[in-house]
Amino acid sequence: MDIHMIPPVIGIIGMIVALLIFGLVKRYPAGEEALLKIADAIHTGAMVFMRREYSMLAIFAGVLVVALYFALGANTAIAFLAGAVSSAAAGWFGMFTATQANVRTTTAAHTQGQAAALSVAFFGGSIMGLAVASLGLLGLGLVYWFFGGDPETAHAIHGFGMGASTVALFSRVGGGIFTKSADVGADLVGKLEAGIPEDDPRNPGVIADNVGDNVGDIAGMGSDIFESYCGAMIATIAIASTLAIASMSSLAPGMSDADARASLMFVPLLLASVGLVCSIIGIGIVRSRSASSPALALRIGTVGTPVLFIAAAYFLISQLGLSNNLWLSVLFGSVGGVVIGLVTEYYTSSTPIVRIAESGKTGPATVMISGLAVGMQSVAIPVLTICAIIFVSTELAGLYGVGIAAVGLISTVGITMAVDAYGPIADNAGGIAEMGGLGPETRAITDSLDELGNTTAAMGKGFAIGAAALAALAIIAAYVETIAHASGGDFVLHLGDPEVLIGLFIGGLVPFLIASITMTSVGEAAMEMIEEIRRQFREIPGLLEGTADPDTEKCIDIATRAALKKMLLPGIIAVMVPVIVGFGIGPMALGGTLGGGLLGCVLLALTMSNAGGAWDNAKKYVEKGNLGGKGSDVHKATVVGDTVGDPFKDTSGPSMNILINVMAIVSLVIAPLLV
């Protein structure tokens, strides 16, 4: 078999495993009719939103395909289309299966206990993880097989990354606006005004909130990780295609120039293939240990899989005859990803959340202050970790080392995404249990799974930020190398150059502008949602007494219309800023824009995601009975903090990951046109 067919074949195997796991999920009983009715409403709402979102996205993508065809040729346009379709398919497949797994998790918790419920929820998340990794390898592997292996035509595969990033931004922003407008509306009116529990079936916004968990935290997150996964590989391939001969000789000693370049271009795809195999093994390990200790099982999966991958990567790189420095870069990238995830876990589930909860004794203002302080403090160690990865990897293997470190960090995305997607499924299961009236015993099990899911989701967000940062840095490095190669000379971004400085400031402002737009969008949609929920409580006789049904479809429609209307502007800005700066000012200014954008995006992403996660878990800490428990003044203060934190951690913060990758990959695609 042609060695270049290994990644697509591994991708196909991964999808087969995902389908087999989906079959296992479907074998669990969905439950009684009342639960099925709730689950069908969530599933239908999610599918309707996805269809409408993808319809709008198809029009936008079609315009870009035509532009790429005339500007850069058919190969780039085809690659863009392949990337967009692969990313959309990964998000859709993961979301579809999650809406089948949620009600089965509820029923398993009710009839079989915690171990069975964890198995179903984790299996549901595993399908998302495997779909992301498998479709990435299948799509990118086939594009590489067709025309990526030749340095002269390798530029076309950059279009794949642009397609994946474009879909990811729309999915993340659209899904984030949907889920948080519903969540904020349901919480503020239900908990604070009406005094009813979370996920109470009387609340008209509850079904929309549960739909949002799927379209935002699963489909959106899946597309987010997908574009970082593919972006890291594409950037590394791009750097290898333009490497100087001296650099190739040190990284691939004893090989001819042609063989060295071919090996260095292809090794990212091979590493990702090994990572998918390790993820499948990790999923099996978590499943086998879930009965004894759910938290320990998930920890073994998230830490043990990278360890297995690092060992396998050493064997692979040695067998290919490449320098051991490449393996050390992979090692530092993988370890760095674990460190960032663990630091994120600390700031969103340990001592800091207790401090935030205690600050609620003096009202919501101090909750806001302490939460923002935690978010800002949480930036330090992850950024220093990223700096260490950059320093070590460039010392070991130059700019190529940065790319291969990014690949090392994200190659085990199958298990990472599985653990992350498990959280929203467990959250949905708790909501279905509450709405279905299954009693406190079942809710206690789903709440314990949900609490564990909040921790895993926080780790997933930290991982996603680190992966996006390194992937974007690798793409920026590839942009610099591409410009230098196309111009036939050195391309150095000098801080004394006015164009570079202008670009830095433009790049730095874009993340704040996008964050403002997305926060405003959530706020406006939430206000409309709040008014609708209040109207229903006021005008539907017997709703609060539980003798009448709410109009949940109206709330879903409000969230859908808001998300689809508001998601276009951030996407247009992200795609057009590099084009305007690159052609309007020049490649130097565009390089500065990418540097400023990278810094702004990473800092904002960490601050917003971790502050939001800390506020959320501080509220849950109080709801467990601490500091007065539910209904107390401290609880009301932490609910306000959680309400502000929701768009922080699930809309604006995660959007930063994709924003910098969209800007970077668009810059890389248009780079040959700027010289």
Side-chain angles (χ1 to χ4, degrees), residues 83 87 158 161-173 176 220-221 223-236 238 340 379 382-383 386-387 389-390 402-403 405-406 409-410 461-480 493 503-518 570-582 589-609 651-671:
S87 180
H158 303 165
M162 184 176 171
S165 296
T166 302
V167 170
L169 186 61
F170 280 104
S171 295
R172 200 49 152 143
V173 172
M221 184 64 164
S223 294
D224 178 353
I225 295 290
F226 182 91
E227 61 95 22
S228 292
Y229 180 66
C230 296
M233 289 187 279
I234 289 168
T236 311
I340 293 170
V379 168
V383 168
I386 292 170
C387 291
I389 294 171
I390 294 168
V402 175
L409 188 154
I410 205 166
K461 285 185 174 68
F463 174 86
I465 293 166
L470 277 185
L473 184 64
I475 296 170
I476 294 169
Y479 166 79
V480 171
L493 299 173
L504 276 171
F505 280 103
I506 292 173
L509 74 84
V510 172
F512 287 87
L513 179 62
I514 297 296
S516 170
I517 291 170
T518 52
I572 292 170
I573 291 173
V575 171
M576 291 308 298
V577 164
V579 176
I580 293 170
V581 172
L590 182 52
T593 299
L594 296 179
L598 176 62
L599 187 60
C601 284
V602 171
L603 299 182
L604 264 182
L606 286 166
T607 300
M608 299 180 89
S609 294
T651 307
S652 299
S655 298
M656 298 298 104
N657 306 345
I658 311 168
L659 172 62
I660 184 54
N661 275 305
V662 171
M663 292 172 63
I665 199 71
V666 170
S667 301
L668 182 58
V669 168
I670 66 173

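In this text, all values refer to a predicted model and were calculated from it rather than measured experimentally.
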> Could you check if a side-chain atom of V575 sits within less than 4.5 angstrom of a side-chain atom of V662, using non-hydrogen atoms only?
yes
> CG/L169 to CD1/I514 distance, rounded to the nearest 0.5 angstrom?
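Rounded to the nearest 0.5 Å, the CG-CD1 separation comes to 7.0 Å.
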> For residues Y479 and A671, report the shortest heavy-atom separation together with the two atoms involved.
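Minimum heavy-atom separation between Y479 and A671: CD1-CB, 3.9 Å.
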> So do the side chains of V577 and V666 get within less than 4.5 Å of each other, counting heavy atoms only?
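No - every pair of side-chain heavy atoms lies 4.5 Å or more apart.
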> If you measure from CD1 on I665 to OG1 on T166, what distance do you get to the nearest 0.5 Å?
9.5 Å
> Report all side-chain donor-acceptor pairs from residues 225-232 shorter than 3.5 Å, counting only partners two or more places apart or in another chain.
residue	atom	partner	partner atom	Å
E227	OE1	S165	OG	3.1
E227	OE2	N661	ND2	3.3

> P511 and G507: which non-hydrogen atoms are nearest, and at how many Å?
CD-O, 2.9 Å
> Pairs under 3.5 angstrom only: tabulate donor-acceptor contacts from the side chains of residues 591-604 to other protein residues two or more places apart or in another chain.
residue	atom	partner	partner atom	Å
T593	OG1	G503	O	3.2
T593	OG1	A589	O	2.9

> Could you give the distance from CG (L513) to CG (L659), rounded to the nearest 0.5 Å?
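Between atom CG of L513 and atom CG of L659 there are 9.5 Å.
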> About how many Å separate CG of L668 and CD1 of I234, when rounded to the nearest 0.5 Å?
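Rounded to the nearest 0.5 Å, the CD1-CG separation comes to 8.5 Å.
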> Donor-acceptor pairs under 3.5 angstrom involving side-chain atoms of residues 465-474: please list them, not counting sequence neighbours.
none

> Minimum heavy-atom separation for M608 and G653, please, with both atom names.
CB-CA, 4.0 Å
> Could you report the tightest heavy-atom contact between I517 and P570, atom names first, then the distance?
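For I517 and P570, the tightest heavy-atom pair comes out as CG2-CG, 3.9 Å.
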> Of all the heavy-atom pairs spanning I389 and A405, show the shortest one and how long it is.
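Nearest heavy atoms, I389 then A405: CG2-CB, 3.8 Å.
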> Under 4.5 Å between any side-chain heavy atoms of I670 and L590, yes or no?
yes
> Looking only at atom types and distance, does a side-chain atom of T518 sit under 3.5 Å from a main-chain N or O of A515, one as donor and one as acceptor?
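It does hold such a pair.
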> Rounded to the nearest 0.5 Å, how far does CE of M656 lie from CG of D224?
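Output value for this atom pair is 11.0 Å.
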> Looking at V167, is its backbone amide N or carbonyl O close enough to the side chain of S171 to form a donor-acceptor pair, meaning the two atoms are under 3.5 Å apart?
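Indeed, once roles are kept as given, a pair shorter than 3.5 Å links the two residues.
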